[in-house]
Number of protein chains: 2
Amino acid sequence: MGRPKTPLLSLARMASAALDIVDTDGLDGLSMRRLATVLGVQVASLYNHVRNKDELLHEIGNQIMSQVDVTGFRDGDWREGIATWARSYRAALRAHPNMVPFLATGPGRRETALQRANAVHGGLVASGWPPRQATLIGASTKYLVVGAAMTSFGRGFDDDVQVYVDRYPHLGQAHKLRAHADEIDDEAFELALLSFLDGLERRFTELREAR
Amino acid sequence: MGRPKTPLLSLARMASAALDIVDTDGLDGLSMRRLATVLGVQVASLYNHVRNKDELLHEIGNQIMSQVDVTGFRDGDWREGIATWARSYRAALRAHPNMVPFLATGPGRRETALQRANAVHGGLVASGWPPRQATLIGASTKYLVVGAAMTSFGRGFDDDVQVYVDRYPHLGQAHKLRAHADEIDDEAFELALLSFLDGLERRFTELREAR
DNA sequence: ACCTCCAAACGAACACTGTTCGCTAACATA
DNA sequence: TATGTTAGCGAACAGTGTTCGTTTGGAGGT
């Protein structure tokens, strides 16, 4: 067949179609052959635009991560900065639950991720946190977001939701279950985030008083 | 060949050998054929003891999760209860980093996990937390542990560690990098856990004063 | 205008995966 | 002693990611 007049494929088109498949049929649902079929093309052609399946997934990951907002540190309010970062981070993951296992497992070498980490670190230091503490806080916050994403919309129902439902069987109507899970999930994340921030605030004032 | 005089296989032996493979060569390194070879047996034989590869992984998961300690709630100290639970939970995951992606992704229907969740919930309620709050706290804590496990020993180096190292290039000697990453990881987890507990404590006293 | 080189499609194959089938031989039970 | 279950085996199936060699369109240089 040879080279077509206008290219049939592009990295962007591939990533977009692949993400569609992952969103609807899960990470396991994505195979190179299936992606090729969707794009109306043969498998081998894909490898003209991508070295690996892994590279394709990383491309998708970059797109998703670009939604994360680290502008909250602008006016030197570290509390606000962390909060908007954490919430937008979580929202980005929630938008594509099936990608969470890959995003969480993936190496920290993702370009965009490193850039965000840098912004967060800089923002914290600018607000008065010592560099070392800034690093720790950045890591801790990420733990929270990734953990929340993994255990809740990473897969089916949560143990804790299950326990809650078991103890309140009158809530057990199947059609309400999902809604309650989401509600509990949101509240648990907010509780964790705000409690964590309160704890940090206490440490922050202690640190300022010490000098 | 027919049935041997003494069984060559057992679920325990399979799970143990499989865990060895995963520990040394990662989750992808485990294939049924390879497991069979290690056990000196043919592939098909494995399926006499296990319905699925997934079932095998769940068996391993149960073994790991049985190491988690929820006895800290005994004397009504919820703070101590959460702390020992979270730390032992994290330790169990750290012992087998390559299993973390599976354990975190896996359904919450794991028997042992559900049992632990119940113990935690009960302990918190017994210490004076309202049931709903107890559920949220249980979920939040799990977020923290799973997140910490995923992003640090789930794979390679952390973004934040990278940022830290970039800013302090004199620490960049390769042989010290891993040690520093571990150190930062430990500290970040402790910071997150203790800050979170502090935040909870504040809420707890507010809640007691309100009545 | 010719020649060359690269890009982007294809078809066919390779090595690998999880899983199922039918077969055989030993043990347990009635 | 007969019967059924258990636990091995060998071969096969459908599916996976990836690579190879081939074909052809188009861009750039002489």
Side-chain angles (χ1 to χ4, degrees), chain A residues 1-61 98-99 101-103 105-107 155, chain B residues 1-61 98-99 101-103 105-107 155:
Chain A
M1 178 211 203
R3 189 184 191 182
K5 318 194 283 184
T6 71
L8 307 180
L9 258 34
S10 79
L11 185 60
R13 230 170 75 77
M14 283 175 56
S16 166
L19 182 52
D20 279 353
I21 296 180
V22 171
D23 279 343
T24 64
D25 281 356
L27 211 52
D28 292 342
L30 175 66
S31 81
M32 297 303 267
R33 284 179 168 81
R34 178 163 174 203
L35 176 59
T37 322
V38 166
L39 293 170
V41 112
Q42 294 299 108
V43 202
S45 311
L46 301 179
Y47 289 86
N48 286 318
H49 303 259
V50 151
R51 203 184 308 268
N52 270 342
K53 182 182 184 183
D54 229 58
E55 190 174 301
L56 175 65
L57 288 171
H58 272 94
E59 176 63 25
I60 301 176
N98 296 335
M99 280 294 294
F102 175 81
L103 291 173
T105 306
R155 180 76 146 87
Chain B
M1 179 212 203
R3 189 184 193 183
K5 316 193 285 185
T6 71
L8 307 180
L9 258 36
S10 79
L11 184 60
R13 230 170 74 77
M14 283 175 56
S16 166
L19 182 52
D20 280 352
I21 295 179
V22 172
D23 279 343
T24 65
D25 281 357
L27 210 53
D28 293 342
L30 175 66
S31 81
M32 298 303 268
R33 282 178 170 81
R34 178 162 176 205
L35 176 59
T37 323
V38 166
L39 294 170
V41 112
Q42 295 300 106
V43 203
S45 310
L46 300 178
Y47 289 84
N48 286 320
H49 302 259
V50 150
R51 203 183 307 269
N52 270 341
K53 183 182 183 181
D54 229 59
E55 191 174 301
L56 175 65
L57 288 171
H58 273 95
E59 176 62 26
I60 301 176
N98 296 335
M99 279 295 294
F102 175 82
L103 292 172
T105 306
R155 180 78 145 85

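Lettering follows sequence order; numbering is per chain, from 1.
Ranking D:dA11, C:dA9, D:dT18 by closeness to the B:A44 side chain, first place goes to D:dA11.
In this structure, the CD1 atom of A:I21 is 11 Å from the P atom of D:dG17, given to the nearest Å. If you measure from atom CD of A:E55 to atom C1' of D:dT18, you get 14 Å, rounded to the nearest angstrom. Between A:N48 atom CG and D:dT19 atom P there is a gap of 12 Å when expressed in whole angstrom units. Atom NZ in A:K5 sits roughly 15 Å away from atom P in C:dC10 (whole-Å rounding). Here D:dC20 presents its C1' atom at 16 Å from CD of A:Q42, a figure rounded to the nearest Å. The nearest whole Å value for the distance from the OH atom in B:Y47 to the P atom in D:dG10 is 17 Å. The distance from atom CE of A:M32 to atom C1' of D:dA14 is 19 Å, rounded to the nearest whole Å. C:dA8 atom P lies 13 Å from atom CG of A:L46, rounded to whole Å.
Taking 4.5 Å as the limit, some side-chain heavy atom of A:R34 sits within range of a side-chain heavy atom of A:D25. Under the 4.5 Å side-chain criterion, counting only non-hydrogen atoms from C-beta, B:I21 is in contact with B:V38. Here the side chains of A:H49 and A:L56 are not in contact, with every heavy-atom distance at 4.5 Å or above.
Comparing B:T6 and A:L9 by the nucleotide of DNA chain C that holds the closest heavy atom to each, the one mapping nearer the 5' end is A:L9. A residue-by-residue look at B:R51 and B:P4 shows that B:R51 has its nearest nucleotide of DNA chain C further toward the 5' end.
At the phosphate of C:dC10, OP1 or OP2 sits under 4.0 Å from a side-chain N or O atom of A:S45. Of the side-chain N and O atoms in A:H49, none sit less than 4.0 angstrom from OP1 or OP2 of C:dA7. Remark: B:N52 is in phosphate contact with C:dT19, judged by side-chain N or O atoms under 4.0 Å from OP1 or OP2.
Between the CZ atom of A:R33 and the CD atom of A:Q42 there is a distance of 10.0 Å, given to the nearest 0.5 Å. If you take CE on B:M14 and CG on B:L19, they are separated by 13.0 Å, rounding to the nearest 0.5 Å.
At a threshold of 4.0 angstrom between heavy atoms, the contacts of B:V43 include nucleobase atoms, whether or not backbone atoms are also involved. B:L30 comes within 4.0 angstrom of the backbone, heavy atoms only, and of no base.
One cannot find a donor-acceptor pair under 3.5 Å joining the base of D:dG15 and the side-chain atoms of A:R33.
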